[in-house]
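Have a look at the structure below before the remarks.
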Amino acid sequence: MRVAYFTSRYSQATQALAVVLVLITFAAIIGVGVVRGQEYFYMGVAAALGVVVLLRPAWGLVGYLVLAATLKGTEEVSSNEIAIFALLLWQFLLASIRMIYYGPRLARPVRAVIGATYLFFALAAVSLAISVGNDITFRQWARDVSALGNLALIAIMPAFLRHDRDIRLLRTVFLGLCVYIGLASTASLLGLPFLADPLSVGGTWIYPILVSAAAASLSTFVRIQWQYLAMGGLGLLNAFASNTRTIWVGVLVVVIVSLLTNLRAGMVRRNIVILLVVVAMGLFAFGIARRTLGTERWELQQERLGTLQDLSEDQSFIIRTEQRRAAYEQFRAYPLFGVGLGYQYEYHIPFTTKYEERTNYNHSDFANYLCKMGIVGIAALAWLFFTTLTLCNRLIHFAPLQEDRWIGRTGQISLLAAVVMANATPILQERGTTFLLGFLVSIIVLLGVRNQEQPGFRGPVTQAEPTPAGSEAEPERELTILGR
């Protein structure tokens with residue numbers, strides 16, 4: 001008893017000392033950041049969080065999310081981005097050690113998503129060796145991998161987060177991020193500068209996500225959830241008023257998939273609601289655009305819409321065609337594993353000087369990763385996408401809570417939109433967009449862990465979706481596989 005008593009006291013004292021040292025370190029980092037500038041601040045915080053992860057993994061994970069959401073991207077990979085990626089890699093390593101023990105307890109649909117994530121990052125490591133062999137520098141390789149790194153959250157979060165309250169918090173933070181970015185975009189559209197967007201997340205995919213949340217609520221809940229319809233309104237408003245045709249296509253995919261899903265389930269009245277909301281928001285956005293965009297920008301929007309009739313004369317289409325051609329040339333030379341992440345394209349586009357210098361950028365994710373990671377890399381990405389959709393389908397059919405089924409439906413619809421959009425605009429090449437992607441899929445995986453013991457979850461999907469219930473209050477509990 002005395003030995004146990006002194007051992008317990010020693011452990012508490014050690015942890016208290018570690019916490020004090022971490023607080024002192026953070027104070028020193030803030031001081032250095034104030035004196036020396038932002039770069040040293042981010043690097044120092046990332047280093048301190050590396051220590052925090054050993055004591056409180058969940059705190060370190062939250063710290064990473066804050067750093068990744070607030071750090072602005074640069075054309076060349078910065079030391080800050082490398083430091084944040086190193087922090088993520090450190091968490092990924094610790095999560096891998098935990099998954100050796102917890103992995104076999106997972107249901108096959110959940111294990112498949114996490115396994116696909118590990119497979120993809122194993123191929124990214126192989127790509128480093130290939131890149132070095134093709135004279136691609138480490139910073140060029142890191143430029144690509146720093147964006148893809150956010151997908152590691154899919155494996156990290158299930159290893160470190162234990163309680164249902166963690167899932168609720170993550171879901172709230174994710175929705176809050178989406179709504180905030182939508183409000184900031186709307187404020188900018190209306191000429192209201194008071195709501196700035198200091199976050200480095202979103203990209204073109206944010207608007208289909210907002211619309212997917214609204215469409216999924218109409219397919220899941222018995223009563224209309226006005227808060228989710230308001231999110232969809234933000235997405236539609238900004239999508240209709242934008243000059244980006246890829247966003248229009250993404251929102252169109254969301255609407256079509258939602259209509260077909262509801263039609264299959266016999267929800268004709270919900271389809272009428274969707275159509276009415278889309279038409280109303282379209283007319284509203286049309287009126288706002290005419291008044292706020294200005295004559296020059298309004299004419300540009302009409303011109304971009306008109307060029308869809310003849311894409312051969314459209315400059316954006318010509319640029320994307322040249323980028324695909326350059327990628328496919330390298331793919332033919334390195335078909336199996338690709339030329340290596342970090343490869344710099346050389347485009348020859350006569351009417352613009354934007355791509356005169358070598359760049360790792362390509363508007364098509366499919367062409368980009370076919371070039372850089374070959375058939376094997378594209379197959380790994382496709383497998384990750386397929387297993388995630390399968391897990392979403394399990395949640396839709398077998399999760400007893402409406403909120404869980406709603407997340408599954410939102411993920412399913414928005415991921416389908418992302419795949420279509422990724423052929424014309426980068427989804428996996430922008431760190432801000434992969435942040436949202438990794439965040440959303442991580443929540444889906446955590447919900448899969450929570451629901452994996454539900455009847456039928458581990459077997460084939462053969463039964464109809466459960467009827468939405470009225471009350472879904474549930475006591476606090478730990479996730480099935482992660483006991484204390």
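Hydrogens, waters and symmetry mates play no part in the numbers below; they use all other heavy atoms, side chains included.
- Looking at every heavy atom in both residues, Ala215 comes nearest to Ser258 through CB-OG, 3.0 Å.
- Within 6.0 Å of atom CZ in Phe386, 12 or fewer heavy atoms from other residues, nucleotides or ligands are found, so the atom counts as exposed in its surroundings.
- No side-chain donor-acceptor contact under 3.5 Å links Thr433 to the backbone of Gln429.
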- request: Give the intermediate values and the outcome of side chain to side chain donor-acceptor pair (under 3.5 Å) for residues Gln412 and Arg409.
  value: CA-CA 5 Å; Gln412 183 186 64; Arg409 182 75 73 188; 3.3 Å; yes
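- Taking CG from Asp404 and CZ from Arg450, the interatomic distance works out to 4.0 Å, rounded to the nearest 0.5 Å.
- A distance of 10.0 Å separates CD1 of Ile156 from CG of Leu93, quoted to the nearest 0.5 Å.
- To the nearest 0.5 Å, atom CD1 of residue Ile427 and atom CG of residue Asn368 are 12.5 Å apart.
- By the side-chain contact (heavy atoms from CB on, under 4.5 Å) test, Ala326 pairs with Tyr345, Tyr347, sequence neighbours left out.
- Residue Phe385 is tested with Thr390, Leu415, Val441 for a side chain to side chain contact (heavy atoms under 4.5 Å, CB included); the sole match is Leu415.
- At a threshold of 4.5 Å between non-hydrogen side-chain atoms, the residues Phe120 and Leu148 count as touching.
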- request: Please report the C-alpha distance between Ile444 and Leu395 in whole Å, then the side-chain angles of each, then the deciding distance to 0.1 Å, and finally whether the side-chain contact (heavy atoms from CB on, under 4.5 Å) criterion is met.
  value: CA-CA 8 Å; Ile444 292 170; Leu395 292 175; 3.9 Å; yes
- request: Could you walk me through whether Phe92 and Tyr118 pass the ring pair (Phe, Tyr, Trp, His ring centres under 6.0 Å) test, one step at a time?
  value: CA-CA 10 Å; Phe92 187 66; Tyr118 279 110; 5.0 Å; yes
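- The two residues Asn423 and Arg324 come nearest to each other via the heavy atoms O-NH2, 2.7 Å.
- At least one side-chain heavy atom of Val445 sits less than 4.5 Å from a side-chain heavy atom of Val110.
- Contact between Leu106 and Ile114 at its shortest, heavy atoms only, is CD1-CD1, 3.7 Å.
- Considering CG of Asn451 and CG of Leu401, their distance stands at 6.5 Å, rounded to 0.5 Å.
- When Leu153, Leu49, Leu61 are each tested for a side chain to side chain contact (heavy atoms under 4.5 Å, CB included) with Gln91, only one passes: Leu61.
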- prompt: Between Tyr64 and Val53, is a side-chain contact (heavy atoms from CB on, under 4.5 Å) present by the stated rule, with each step listed?
  reply: CA-CA 10 Å; Tyr64 168 78; Val53 168; over 6 Å; no
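- Without hydrogens or angle criteria, Asn393 side chain to Leu389 main chain gives no donor-acceptor distance under 3.5 Å.
- What you find for Ile209 and Ser414 is that their closest heavy atoms are CG1-CB, 4.2 Å.
- Taking CZ of Phe366 as the start and SG of Cys371 as the end, the distance is 12.0 Å to the nearest 0.5 Å.
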field: side-chain contact (heavy atoms from CB on, under 4.5 Å) between Leu128 and Leu341, intermediate numbers included
entry: CA-CA 7 Å; Leu128 173 60; Leu341 290 171; over 6 Å; no
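- Summarising the geometry of Arg98 relative to Ala159, their closest heavy-atom pair is NE-O, 2.6 Å, with the distance given to 0.1 Å.
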task: May I have the step-by-step check of side-chain contact (heavy atoms from CB on, under 4.5 Å) for Tyr228 and Leu175, ending in yes or no?
output: CA-CA 10 Å; Tyr228 297 136; Leu175 294 178; 4.3 Å; yes
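- In terms of heavy-atom proximity, Ala83 sits nearest to Ala46 at O-CB, 3.9 Å.
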